[in-house]
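Side chains are part of it too, since the values below use all heavy atoms of this structure and drop only hydrogens, waters and symmetry mates. Counting starts at 1 for both ligands and their atoms, following the listed order.
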Amino acid sequence: MIERSRIQSLLAVEEARFVESHPQSQALFARARQSLLGGVPMPWMVRWAGPFPVFVAEGKGAHFTDVDGHDYIDFCLGDTGAMTGHAPDATIRAMAAQLHKGLTFMLPAEDAIWVGEELARRFGLPSWQIAMTATDANRFAIRLARHITRRPKVLVYNYCYHGTVDEAFIALDANGVPGPRPGNIGPPVDPTATTKVIEFNDIPALEAALAPEDVACVLAEPVMTNIGIIHPEPGYHDALRAITRRTGTLLIIDETHTLCTGPGGYTAAHGLAPDMLVIGKPIGGGMPVAAYGMSETVAAQVRERIARDEADTGGIGGTLSGNALALAATRATLEHVLTEEYYARSIPLADRFLAGVQEVIADFGVPWTVQRLGNRAEYWFRPTPARNGGEAAAAIDADLDRLMHLWALNRGILMTPFHNMALIAPQTTAADVEQHTAVFREAVAALTCT
Ligand SMILES: Cc1ncc(COP(=O)(O)O)c(C=O)c1O
């Protein structure tokens with residue numbers, strides 16, 4: 001068993017070690033606090049495990065260095081934004097060439113067609129649009145779903161994450177009552193007015209929620225990835241598709257993270273048939289870009305129901321969306337980086353990561369579990385895989401989480417913050433994975449030694 005006092009004493013040691021070995025980051029943080037709220041450019045960055053974040057010097061492939069000269073194996077990879085590895089050569093070449101030819105025109109160029117054709121080929125949906133972020137793509141897909149179905153509500157899973165989409169910041173409390181998700185900042189309306197929330201893998205709840213036929217769309221990750229990795233139970237996706245079809249509800253599959261499964265995401269790998277599909281994060285090799293695709297039926301309804309003269313004032317799109325630089329980056333990334341070969345190489349490495357963690361868990365008998373999806377693996381502080389978001393959330397242990405991250409960081413390993421996820425880049429090596437296993441083993445040994 002792991003004693004709480006042990007976690008606290010190890011945390012104190014690791015924090016002191018972190019402060020001592022990161023003087024330049026500490027100095028930059030002190031300066032940053034003068035001009036940046038919380039000393040960081042984006043609020044989540046205050047949540048890194050140390051008393052201040054590591055400031056990056058530069059990154060290439062699966063590694064980066066910080067301003068104190070430390071080298072890190074990066075298993076976080078910009079929380080999937082850099083799943084391609086940092087500064088992927090093909091993407092950078094294409095972007096460099098485009099930089100001299102203009103960045104944004106609000107006019108299409110041939111790259112857009114190439115990208116549309118490639119996305120159609122990979123995901124099996126014929127019609128595509130480009131956005132800046134997966135959040136935006138989700139927001140636009142939801143708007144289209146509401147517009148087409150003329151229904152007010154959206155359905156999501158408890159403890160899902162789909163970006164900063166207002167509708168999705170809802171959760172069930174301990175009694176199963178929906179309300180604003182804890183921490184929801186300034187909700188524009190009570191989310192129960194816009195959204196129904198159920199647990200993942202609960203088919204009767206899905207039936208009941210969709211039966212009144214007031215839900216425009218289900219917005220679903222095909223495997224939950226933002227509260228640990230939670231796989232669908234056998235038959236769940238068939239039921240989801242059948243019930244959404246029967247009730248006239250559109251099914252939006254968000255593949256932003258599950259693109260780790262393969263070149264066509266979980267959708268292509270498992271033969272899903274969504275009405276709409278969202279991707280983002282790594283498709284531009286780190287350049288902000290996202291996309292959403294739709295079936296021919298949805299596309300026809302969109303064409304029919306959106307007046308051309310109002311296309312710019314309907315709440316969909318953005319001045320810089322679909323810009324030339326983003327599309328050049330996306331074309332190169334899809335063509336040369338997020339390839340079949342990449343997945344063929346990285347998935348076995350994620351398996352190796354999983355096996356290493358599994359072995360340590362077994363050797364020390366800690367009540368933890370580890371799951372894998374494609375080239376992503378994640379351990380969680382409960383003995384069995386969670387079946388849904390509520391179960392997974394109940395196992396969050398903020399102090400233990402912080403300790404595991406800081407322990408790794410102090411030994412040159414960056415894990416995805418706020419959970420314990422690792423992604424494999426094209427350049428990640430077996431030695432990188434073994435290094436993680438060794439460091440993880442040391443941490444668990446320190447936690448359990450008596
Ligand atoms: C499944 C999923 N969808 C959408 C998003 C939003 O991506 P972004 O923050 O790039 O808008 C995220 C971000 O973590 C995500 O995990």
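Listed by chain and number, the residues in a salt bridge (Lys or Arg N to Asp or Glu O under 4.0 Å) with Asp214 are Lys196 (sequence neighbours excluded). Applying the salt bridge (Lys or Arg N to Asp or Glu O under 4.0 Å) test to Glu207 and every residue at least two apart in sequence or in another chain returns Arg246.
Sorted by chain and number, the heavy-atom contacts of ligand 1 below 4.0 Å come from Thr133, Ala134, Thr135, Asn138, Tyr161, His162, Gly163, Glu221, Asn226, Asp254, Thr256, His257, Lys281.
Of the charged side-chain nitrogens involved, at least one lies within less than 4.0 Å of a carboxylate oxygen, so that Asp89 and Lys60 count as a salt-bridged pair. Comment: Asp136 engages Arg139 in a salt bridge, judged by a side-chain N to carboxylate O separation of less than 4.0 angstrom. A salt bridge links Glu167 to Arg146: at least one charged side-chain nitrogen sits closer than 4.0 Å to a carboxylate oxygen.
Pairs of residues two or more places apart, or lying in two chains, that qualify as salt bridge (charged side-chain N to carboxylate O under 4.0 Å, His left out) and include a residue from residues 219-234 are Glu233-Arg387.
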